[in-house]
Amino acid sequence: MKRIVLISLCCAFFTQTFAESPFQWEVVSKKLGGGKYILQISGTIRDGWHIYSMHDKVNGLEPITVNWDNESITKEGNEIHEVLALSIKDKIFGKTLKAYSKLFSFSQAITISGTVPASFRIKLNAFASSNDEFLPIEEIKEVKLEGGVYAANNNLKLASVDMRLPAASCGDAVIVKSSLLAIFLKGFIGGMIALLMPCLFPMIPVTVSFFTNKTDSRRKAIRYGMVYGLSILSIYLLASAPFHLLSGVDSQIFNTIATNAWVNVAFFVAFILFALSLFGLFELKLPASLSNRAGANSNISSMAGIFFMALTLAIVSFSCTGPILGTLLVGSLSGQGNPWELTAGMAGFGLALALPFALFAMFPSWLGRLPKSGGWLGRVKKVLAFAELALAFKFLSNADLVEHWGLLRREVFIAIWLSIAVALGLYLVGLFDKTVPVMKLVHPKNKFRFVRPGLATACFLFAAYLIPGLTNTKYANLKLLSGFPPPLTYSVFDNTNVKDKTFESHVVNDYDKALRLSKQTGKPLLIDFTGWACVNCRKMEEQVWTQSSIEELIKEKFILVSLYVDDREKLPAQKQFSYQDKDIKTIGDKWAAFQAVNFGGASQPMYVVLSPDEQLMNLPVGYTPPVAYQQWLECGLNAWQEKKTIAQLNTIH
């Protein structure tokens with residue numbers, strides 16, 4: 001039955017995606033005054049089809065309805081139907097149901113708080129049937145509102161920006177057409193570089209701990225490791241599939257998933273449970289029904305778990321896997337490349353990530369084959385549990401930063417990590433042996449006698465390193481951890497001293513305001529496309545921007561504007577709009593689309609230098625070491641000075 005339901009849902013999805021709609025509809029509005037309107041929705045239904053008009057909890061049916069994603073627009077009362085539904089003998093459900101067969105027409109009163117937008121998008125949901133086919137329907141239309149105000153700056157494209165003709169050639173290389181093999185190799189190199197990024201390192205202990213309990217033989221370890229590697233590769237290949245099937249797929253979709261607050265909260269909960277399980281408080285098991293169906297070896301459940309682990313790795317890595325992946329995505333979106341080029345790049349990228357992690361997946365079986373005397377394997381699990389506990393709070397921090405909840409300010413986050421480091425050190429020296437039975441430490445054999453004290457010492461040194469991060473001084477930077485704790489500006493203090501080591505008092509978060517300052521001062525714009533949950537962005541801000549020569553150059557010669565592409569704060573209703581079939585509803589939506597449309601980028605950080613008249617001075621760059629970044633800044637600044645000099649000479653002549 002489950003297979004039949006799954007097949008039916010898949011058929012319904014493809015039918016809905018590619019089949020012709022069984023009805024045509026339109027929506028118009030009538031102004032009543034005082035922010036009140038009447039929406040009139042009407043449509044004609046194709047011969048042989050009907051649309052259900054009643055609630056049927058048994059069969060999961062809902063009547064035809066309209067909704068929208070705009071908190072300032074609320075419904076007043078129920079829908080008023082002008083066309084009466086008929087009683088129709090429905091063959092699919094085998095009983096008489098209320099439905100519309102030729103026409104439907106209904107109205108809905110709404111009230112708009114605040115400024116009335118010129119238009120908004122309305123979504124119609126319904127269930128339709130021809131007695132042979134059953135089709136869930138979701139369609140969207142734009143409805144105009146009389147007297148509404150058009151969103152300012154809803155044309156995100158800068159006509160003066162041409163990525164092919166920057167004033168200077170310094171920066172990233174211009175994208176040129178390459179063979180599929182060359183793109184594959186480019187993706188592979190990008191994946192190898194991505195392995196060095198900070199967000200992937202925590203997944204190594206997670207991978208080891210995940211596979212520790214799954215393998216009890218060399219053969220099974222190799223098989224599971226190969227499945228894990230192939231799963232990682234297949235996920236990246238499948239990520240390119242929508243570009244072959246559909247047009248207009250959002251290039252920011254992976255970044256959106258990785259920075260989604262509730263996705264990160266879900267990972268936080270999952271990693272907390274996994275850590276507690278490794279501590280020995282309980283054992284996580286799949287439902288007995290799944291285990292029984294999987295057979296004695298639990299092959300189905302094991303494979304599903306391995307694929308989920310691969311999916312976890314892929315989602316986590318999207319927040320900082322570098323510019324090449326974003327370039328491939330935007331290339332497919334904007335037409336600079338084709339779907340097969342995207343697939344080739346994804347294949348290379350996925351293979352580079354899959355190879356080392358497949359080896360890590362095989363490693364637990366070798367651990368399991370070692371003698372268990374002394375509780376060596378148990379200690380490894382406990383240490384990994386502490387590491388996963390620390391990682392869990394990184395996910396919660398991502399959600400907190402994106403949504404601005406204020407739960408994990410920088411000092412709170414550092415205090416939690418400091419506590420975990422001290423607790424791990426105390427565990428390794430055996431302090432919990434008598435007080436916490438589940439944490440009892442069985443002493444190792446002589447050949448391992450230096451490992452445990454060494455690890456304990458490292459934990460205490462790490463805790464000591466974290467202590468300045470709790471203070472309101474210039475020593476709070478903790479450069480070695482840049483990107484993991486929240487930024488210095490997200491602090492419990494007022495940042496009186498810390499501001500001197502950041503760009504808090506020099507940065508602008510609104511492009512229009514920064515452009516006005518650029519025109520007034522004659523300084524070029526330095527656009528920083530960043531994100532609250534972007535690890536490499538924090539590394540740039542806390543390790544590169546704080547270099548004295550770079551800090552002085554930015555503060556004195558540029559107007560710095562930071563645009564957060566993952567900011568989930570809703571735009572006011574009158575500032576929400578649609579651009580190239582994409583709904584711009586949040587601040588992050590606006591700046592993500594602005595980045596992709598003008599600079600062909602979907603990864604952060606990305607840095608762009610524009611003149612006051614919005615001319616591109618040099619090619620954008622992403623994460624860049626200090627020396628190269630300073631050279632890039634100077635190149636853009638020199639290009640602007642040269643452009644200004646030429647303009648002055650032309651004026652004189």
Side-chain angles (χ1 to χ4, degrees), residues 8-30 37-56 59-75 78-86 88 90 92 97-110 112 117-145 148 154 242 245-250 253 256 573 576-585 589 593:
S8 300
L9 289 175
C10 292
C11 291
F13 169 77
F14 284 107
T15 302
Q16 180 183 3
T17 304
F18 299 107
E20 181 183 357
S21 175
F23 67 88
Q24 300 294 324
W25 67 288
E26 63 178 5
V27 55
V28 295
S29 67
K30 179 181 178 181
Y37 289 80
I38 293 289
L39 301 180
Q40 184 66 47
I41 301 96
S42 58
T44 58
I45 304 171
R46 210 164 71 212
D47 289 342
W49 285 81
H50 56 266
I51 295 177
Y52 300 97
S53 68
M54 60 179 289
H55 290 280
D56 187 341
N59 296 305
L61 288 177
E62 295 287 342
I64 185 169
T65 57
V66 289
N67 294 284
W68 45 84
D69 185 14
N70 194 319
E71 297 174 355
S72 65
I73 304 175
T74 57
K75 293 182 178 181
N78 297 322
E79 299 160 347
I80 300 175
H81 290 260
E82 289 83 12
V83 176
L84 296 178
L86 303 175
I88 295 177
D90 189 89
I92 290 181
L97 298 172
K98 291 285 188 179
Y100 303 107
S101 63
K102 296 288 185 182
L103 303 169
F104 65 87
S105 178
F106 61 94
S107 59
Q108 174 67 62
I110 62 171
I112 303 175
S119 64
F120 71 100
R121 303 189 87 181
I122 186 172
K123 179 171 62 178
L124 182 144
N125 293 97
F127 290 95
S129 173
S130 66
N131 283 325
D132 294 319
E133 297 178 67
F134 179 80
L135 186 64
I137 296 171
E138 179 179 295
E139 295 189 7
I140 297 175
K141 285 187 182 294
E142 192 96 5
V143 54
K144 295 183 178 180
L145 299 174
N154 59 359
L245 301 175
L246 305 171
S247 60
V249 178
D250 184 7
I253 185 65
T256 300
Q576 296 182 19
F577 59 98
S578 297
Y579 187 80
Q580 294 183 351
D581 295 326
K582 176 178 174 60
D583 289 333
I584 308 299
K585 298 177 180 178
D589 289 340

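Because the structure is predicted, anything quoted here is derived from the model rather than measured.
Looking at S119 and E142, their side chains do bring a donor and an acceptor atom within 3.5 Å of each other. Donor-acceptor pairing under 3.5 Å is recorded for the side chains of Q40 and S105.
Of the possible donor and acceptor atoms, one in the side chain of W68 sits under 3.5 Å from a partner among the backbone N and O of I73. A donor-acceptor distance shorter than 3.5 angstrom exists from the side chain of E82 to the backbone of F106, with no hydrogens or angles considered. Using a distance-only test at 3.5 Å, with no hydrogens or angles considered, a donor-acceptor pair links the side chain of S29 to the main chain of K144.
Atoms OH and CZ, on Y37 and F120 in that order, are 10.0 Å from each other to the nearest 0.5 Å. Atom-to-atom distance recorded for T65:OG1 and N78:CG is 12.0 Å, nearest 0.5 angstrom. Here K102 contributes atom NZ and T44 contributes atom OG1; the two are 10.5 Å apart, rounded to the nearest 0.5 Å. Here N125 contributes atom CG and I64 contributes atom CD1; the two are 9.0 Å apart, rounded to the nearest 0.5 Å. In this structure, NZ in K123 is found 14.0 Å from CD1 in I137, a value given to the nearest 0.5 Å. Once rounded to the nearest 0.5 Å, the distance linking CG of L135 with CZ of F127 reads 10.0 Å.
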CA sep, side-chain torsions, deciding dist, call: V143, L39, side-chain contact (heavy atoms from CB on, under 4.5 Å): CA-CA 9 Å; V143 54; L39 301 180; 4.1 Å; yes

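Inter-residue side-chain proximity for H50 and N131 is flagged as met; some heavy-atom pair is nearer than 4.5 Å. With a 4.5 Å cut-off on side-chain heavy atoms, S42 and W25 do not count as touching. Inter-residue side-chain proximity for E79 and S107 is flagged as unmet; no heavy-atom pair is nearer than 4.5 Å. A heavy-atom distance below 4.5 Å is found between the side chains of I88 and S101. Considering only heavy atoms from C-beta on, I122 stays 4.5 Å or farther from I140 through its side chain. The shortest distance between side-chain heavy atoms of L61 and L97 falls below 4.5 Å. A 4.5 Å side-chain heavy-atom check between I110 and T74 finds every atom pair outside the cut-off. With contacts defined as side-chain heavy-atom distances shorter than 4.5 Å, the pair I45/Q24 does not qualify.
Checked against the 6.0 Å centroid criterion, the rings of F104 and F23 qualify as a close aromatic pair.
Of all non-hydrogen atoms in V83 and L103, the two that sit nearest each other are CG1-O, 3.7 Å. Across all their heavy atoms, S53 and A99 have their closest contact at OG-N, 3.6 Å. Between I92 and S129 the shortest heavy-atom distance is CD1-OG, 3.3 Å.
Within 6.0 Å of atom NZ in K141, more than 12 heavy atoms from other residues, nucleotides or ligands are found, so the atom counts as buried in its surroundings.
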